[in-house]
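We number each residue from 1, following the sequence as shown.
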Amino acid sequence: MAHDLAIRGGTLATATETFNADIGIRNGRIVTISEAITDAKDVIDATNHIVMPGGIEAHCHIAQESGMGVMTSDDYETGSISAAFGGNSCFVPFAAQKVGESLAQTMQTYDERAVPKSVLDWSYHLILTDPTPDVLAELPDVFAKGVTSFKVFMTYATRVSDGQFLDILSVAGRHGALTMVHAENHDMLDWMGRRLVEGGNVAPRHHASSRPSLAEEEAINRAISLARLAQAPLFIVHVSTAGGAKLVANARSEGGQVWAETCPQYLFLTRNELDKPGMEGAKFICSPPLRDTPTQKILWQHLQAGSLSLVSSDHAPYRYDDTGKFNGGYDVDFRKIANGMPGIEMRLPLLFSEGVNKGRISLNKFVALSSTNAARIYGMLPRKGSLSIGADADIAIWDPNEKRIAGEMHDAMDYNPFAGTEVTGWPVTVLGRGQRIVDNGKLIAKPGAGQFIKRAPIDLTEHPGQSVPELNPDQNFGVNLA
Ligand code: DUC
Ligand code: ZN
Ligand code: ZN
């Protein structure tokens, strides 16, 4: 038999086209795409189903301590399983450096957490919290391992100064690495938070007012300017504001090496959720905070226009108990409640149901936003995110008509912020390198089945960058600052 497995009778969807064909898989890779494959040891019947590249979840927190020191409820086993049930075949969680730690130590810690447990192929984005000269000197080793993106914070105790941010961008840019940023102005948040709490406004609902849109917009503008000065590519995570998305769109339209994502919570939930009785609003505390309905409409427009390249979950699972949300106590002001909400399993069904089924985005745009763009931006294309000959057979098979009311997920959480939503379109089977990870509601893969994926530098073709006159020797009296 020429194939180990054939997927027959389905409608294939890629980031650019939709067509009917069979897929033949051998040794974990796609080797044939043709009208009819009849020589396979094993067959999946995909009649009336859509066959597409498995989702790539590029923003999730798994087995990671938050800035406040709270451990996520999901480890690499539960996190990857939940992601797989949500249509993903690969994910890229964060490996977070602790202050004082070498990057070699950070990488080792996360390998110990991931290798024995992940059912999905994975990589890491490295979070830099302590960019000393020694740590910056370690970055080339991290790139050589295939970790080609890392994240910094402009807020929280783990924030970097603008000067440190420039140093990081500059080293990253020289190695073709992508710097990701959580962009909110720390002092604006701190000032608003103090004013609210001093006035006795401590309930979860005040979390949203404490983090105004202006704080995100100011920080995104600054981050784009810093990246431009450092001549380095930049990715802005979890954009939640119309103003922030517009700044990204403007920079991109002028050649800027800037990419950004938004998340389901900013498309499908509003700040009204924070106003639930008692402390229930804590379930909806995430940062940046939930916004409003007019903002949702504008974020959709940016997805449609292409200025936002990804929809990522920002799965940050902290349970509604003292291991998670209330790690700092139950009777605390909103600033001490753990930030983040789960969504790794809901990301793609929600995007499919509200995006494709409601006519906001095409099926091909769905594939781009859920998989192919992540593979391109994070250096995994064409191995991941693609239905092409030679690609890993990382494939999700969807029933576009299955209706379910969202309820409990397969993560280690005790709530689902999207529970009760009617969702049409769910993944049925997910393959990783040609092996069934989940199939018809059952987990098939064993912990440890996933592999670490070495990633390439970012491809900057079509993103020439923006000039900075003061860096140009013709305009700065001949100084070469490259
Ligand atoms: N930022 C994230 O990216 N995730 C969770 C919380 C946060 O502030
Ligand atoms: Zn963040
Ligand atoms: Zn996050």
Side-chain angles (χ1 to χ4, degrees), residues 57 59-80 82-83 91-101 105-106 109-110 112-114 117 124-130 151-160 180 182 184 186 189-190 193 197 202-208 210-211 237-238 263 265 273-274 276 278-290 312-345 409 411-417:
E57 170 58 79
H59 184 157
C60 54
H61 302 268
I62 306 291
Q64 185 203 323
E65 296 90 349
S66 72
M68 292 173 175
V70 186
M71 186 52 131
T72 57
S73 65
D74 280 309
D75 63 10
Y76 272 80
E77 184 171 337
T78 58
S80 64
S82 186
F91 68 165
V92 191
F94 294 96
Q97 182 201 19
K98 290 198 173 135
V99 173
E101 188 174 66
Q105 284 170 316
T106 309
T109 300
Y110 280 85
E112 284 163 11
R113 293 174 184 183
K117 294 202 167 179
Y124 312 110
H125 308 292
L126 184 73
I127 294 181
L128 283 172
T129 57
D130 193 14
K151 180 180 175 191
V152 297
F153 289 92
M154 294 171 84
T155 184
Y156 299 127
T158 49
R159 69 190 174 279
V160 293
M180 305 162 75
H182 173 130
E184 286 184 289
H186 180 77
L189 309 182
D190 187 53
V197 170
V202 295
R205 77 171 79 93
H206 301 295
H207 172 75
S210 80
R211 301 181 89 107
V237 299
H238 51 46
C263 310
Q265 47 275 37
E273 304 287 349
L274 288 160
K276 295 221 182 312
M279 293 301 273
E280 282 277 309
K283 293 177 179 173
F284 298 90
I285 286 189
C286 60
S287 293
L290 301 178
S312 305
S313 72
D314 195 4
H315 182 75
Y318 302 109
R319 290 169 64 94
Y320 188 62
D321 63 25
D322 61 6
T323 67
K325 287 283 173 190
F326 303 112
N327 194 264
Y330 282 96
D331 189 21
V332 290
D333 74 64
F334 60 85
R335 297 173 303 178
K336 315 235 168 51
I337 296 171
N339 269 238
M341 62 173 75
I344 205 163
E345 198 168 334
M409 299 285 106
D411 55 17
M413 285 297 293
D414 52 358
Y415 75 96
N416 171 1

So, [X] side chain and [Y] main chain: donor-acceptor pair closer than 3.5 Å or not?
X: Asp130; Y: Gly100; result: yes
X: His186; Y: Thr155; result: no
X: His125; Y: Lys151; result: no
X: Asp190; Y: Gly193; result: no
X: Ser80; Y: Glu77; result: yes
X: Thr109; Y: Gln105; result: yes
X: Lys325; Y: Ile285; result: yes
X: Arg211; Y: Pro289; result: no
X: Asp414; Y: Tyr320; result: yes

Less than 4.5 Å apart, any side-chain heavy atom of [X] and any of [Y]?
X: Leu290; Y: Cys286; result: yes
X: Gln265; Y: Pro417; result: no
X: Tyr76; Y: Tyr110; result: yes
X: Lys98; Y: Glu65; result: yes

| From CG (Leu128) to OG1 (Thr158), nearest 0.5 Å | 11.0 Å
| field | CE-OG distance between Met413 and Ser73, expressed to the nearest 0.5 angstrom | value | 5.0 Å
Please tell me whether [X] and [Y] form a close aromatic pair, meaning their ring centres lie under 6.0 Å apart.
X: His59; Y: His238; result: yes
X: Tyr156; Y: His182; result: yes
X: Tyr124; Y: Phe91; result: no

Using every non-hydrogen atom in the two residues, find where [X] and [Y] come nearest and quote the distance to one decimal.
X: Tyr318; Y: Asn339; result: CE1-O, 3.1 Å
X: His207; Y: Ser287; result: CE1-OG, 3.3 Å
X: Pro204; Y: Ile337; result: CG-CD1, 4.3 Å
X: Gly343; Y: His315; result: N-ND1, 2.9 Å
X: Cys60; Y: Ile344; result: CB-CD1, 3.9 Å
X: Ala412; Y: Arg319; result: O-NH1, 2.8 Å

| request: Evaluate the side-chain hydrogen bond (donor to acceptor under 3.5 Å, both in side chains) criterion for residues Ser210 and Arg335: first the C-alpha distance (whole Å), next the side-chain angles of each, then the deciding distance (0.1 Å), finally the verdict. | output: CA-CA 9 Å; Ser210 80; Arg335 297 173 303 178; over 6 Å; no
| field | side-chain hydrogen bond (donor to acceptor under 3.5 Å, both in side chains) assessment of Thr72 paired with Gln64 | value | CA-CA 6 Å; Thr72 57; Gln64 185 203 323; over 6 Å; no
| message | Looking only at side-chain N and O atoms, does His61 offer a donor or acceptor that is under 3.5 Å from a partner on Asp314? | response | yes
| Are side-chain N/O atoms of Glu101 and Thr106 paired as donor and acceptor at under 3.5 Å? | yes
| query | Hey, mind stepping through Asp411 and Asp74 against side chain to side chain contact (heavy atoms under 4.5 Å, CB included) and telling me if it holds? | reply | CA-CA 6 Å; Asp411 55 17; Asp74 280 309; 3.3 Å; yes
| task | Kindly assign one of parallel, tilted or perpendicular to the pair His206 and Phe334, based on the angle between their ring planes and the thresholds 30° and 60°. | result | tilted
| After noting the C-alpha distance and the side-chain angles of Glu57 and Ser313, does the key distance pass the side-chain hydrogen bond (donor to acceptor under 3.5 Å, both in side chains) rule? | CA-CA 7 Å; Glu57 170 58 79; Ser313 72; 2.8 Å; yes
| request: For Tyr330, check side-chain contact (heavy atoms from CB on, under 4.5 Å) against everything at least two apart and list the hits. | output: Asp321, Asp322, Phe326
| request: Apply salt bridge (charged side-chain N to carboxylate O under 4.0 Å, His left out) to Lys283 and list each qualifying residue two or more places apart in sequence or on a separate chain. | output: Glu280
